[in-house]
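Below is one structure, written out as structure tokens; comments come after it.
Each residue takes its place number in the sequence, starting with 1.
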Amino acid sequence: MKMIDIGYHHKHDASFVNDRPGGTDNWLLLIVKTPAVFIIDRKEIHTKGNSFIIYTPQCPIYHKADNVEYINDWMLFDADKDDIQLINQLKIPINRLTDIGDISSVSMLLRSISYEYHSDRLHRMEVVNHYVRILLYKLSEHIETGRPESALSESSYIKHLIWIRENIYRNPPKEWNIDSLATELGLSRSRFQHVYNDTFGTSISQDVIRSRIQYASNLLKLSKLSIDEISHICGYSSTSYFIRQFKRITGKTPVQFRNKSQN
């Protein structure tokens, strides 16, 4: 999947109209939060909000505010054959407005995707792609159940897992205790690691390492700190171990990386 653009919680006044008879050149996901009027296959459809629609390229688009402020999230993207296969597999409707009841968890995912997409993080697109897959699964769950997920279902862990992952990348030097994180979710250590890996396609330990190497890369480019100082700041007790991990992830030693970035 190739992300083209994304917007979170965009607001428009009551006169808002989006009329595109030729549609767009890309796929478009709309998360509709407020009352709106759509025209689909020449039929006028009213929604009170809490609905979504995925438009295929060149599909006519018409929707407008329903006499109140209009708020939505949106995502413009190119879908490859694997993406289309997943959408079909999950039985997600195409070019059809679908009510899903509680839209908060879906909108939260759009917010996370938007945050990652507009960041300058080293692995931002990999993170975005994982989030998008989670989003599709979440839409499918809402369609299937017709209600928000139960508090005890495995999918309810996703919100907390997203919070954990965001904090890993925001606080690279922090020592993360996997047993404590598992206990917070009421999971065993092994089950927590399995759910985390299934959700993001990588282990929590690898995310911790990548967050530290990304942080170290920025320090190497933007500061004059020594390698020892950067190693310590990034949470490493051993500089030699830091150097080995940095080279494994980036293909260069910290010194080589700094020299190249300053040329």
Side-chain angles (χ1 to χ4, degrees), residues 1-81 83-118 128-129 131-149 158-159:
M1 177 178 292
K2 180 182 179 182
M3 185 71 67
I4 307 299
D5 204 357
I6 188 169
Y8 169 73
H9 207 67
H10 280 205
K11 295 183 178 181
H12 306 270
D13 63 31
S15 64
F16 170 77
V17 178
N18 186 4
D19 185 8
R20 298 186 182 187
T24 69
D25 292 332
N26 314 103
W27 290 63
L28 173 65
L29 165 65
L30 288 179
I31 305 294
V32 185
K33 298 181 173 181
T34 53
V37 180
F38 282 72
I39 294 180
I40 302 172
D41 293 332
R42 300 182 181 179
K43 295 179 181 179
E44 185 173 285
I45 302 172
H46 290 254
T47 176
K48 295 180 180 179
N50 291 335
S51 57
F52 81 93
I53 184 169
I54 297 178
Y55 287 106
T56 54
Q58 283 80 53
C59 177
I61 295 172
Y62 182 94
H63 61 276
K64 65 178 182 178
D66 196 2
N67 299 314
V68 294
E69 182 183 51
Y70 174 78
I71 305 174
N72 71 1
D73 306 329
W74 56 271
M75 188 173 76
L76 201 62
F77 62 98
D78 282 337
D80 60 27
K81 63 179 182 179
D83 302 322
I84 296 171
Q85 182 179 4
L86 179 60
I87 290 171
N88 291 333
Q89 175 188 328
L90 295 174
K91 299 179 181 179
I92 298 174
I94 300 297
N95 300 321
R96 193 179 84 203
L97 189 66
T98 305
D99 292 331
I100 56 174
D102 180 6
I103 213 161
S104 58
S105 62
V106 175
S107 182
M108 183 190 72
L109 282 167
L110 259 294
R111 180 187 65 184
S112 297
I113 295 169
S114 179
Y115 176 83
E116 292 291 341
Y117 179 72
H118 292 110
V128 164
N129 287 334
Y131 273 150
V132 171
R133 291 182 69 85
I134 295 170
L135 173 64
L136 293 175
Y137 280 107
K138 182 61 63 177
L139 288 173
S140 177
E141 286 176 351
H142 279 293
I143 294 166
E144 182 179 351
T145 63
R147 62 185 183 280
E149 66 272 15
I158 291 178
K159 292 181 183 179

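- When each of T56, D78, D5 is paired with N26, the side chain to side chain donor-acceptor pair (under 3.5 Å) condition holds for D78 and for no other.
- A side-chain N or O of S107 and one of K33 form a donor-acceptor pair less than 3.5 Å apart.
- For the pair L76 and W27, the minimum side-chain heavy-atom distance is 4.5 Å or more.
- Rounding to the nearest 0.5 Å gives a distance of 10.0 Å between CD of Q85 and CG of D83.
- Between S114 and I6 there is a side-chain heavy-atom pair separated by less than 4.5 Å.
- Ring planes of Y70 and H63: tilted class, angle from 30 to 60°.
- Counting heavy atoms from C-beta outward, K138 and S105 have side chains that approach closer than 4.5 Å.
- Side-chain atoms of L139 and F52, non-hydrogen and from C-beta on, do get closer than 4.5 Å to each other.
- Contact of the R111 side chain with the H9 side chain is not registered, since no non-hydrogen atoms from C-beta on lie closer than 4.5 Å.
- The side-chain heavy atoms of V17 and Y62, taken from C-beta on, include a pair separated by under 4.5 Å.
- Within the 4.5 Å cutoff, the side chain of V128 has heavy atoms near those of the I113 side chain.
- By the 6.0 Å contact criterion, CG on D13 is enclosed, its count of non-hydrogen atoms from other residues, nucleotides or ligands being greater than 12.
- Closest of all the heavy-atom pairs between F38 and I53 is CE2-CG2, 4.0 Å.
- Residues M3 and V132 meet the side-chain proximity criterion, which asks for heavy atoms closer than 4.5 Å.
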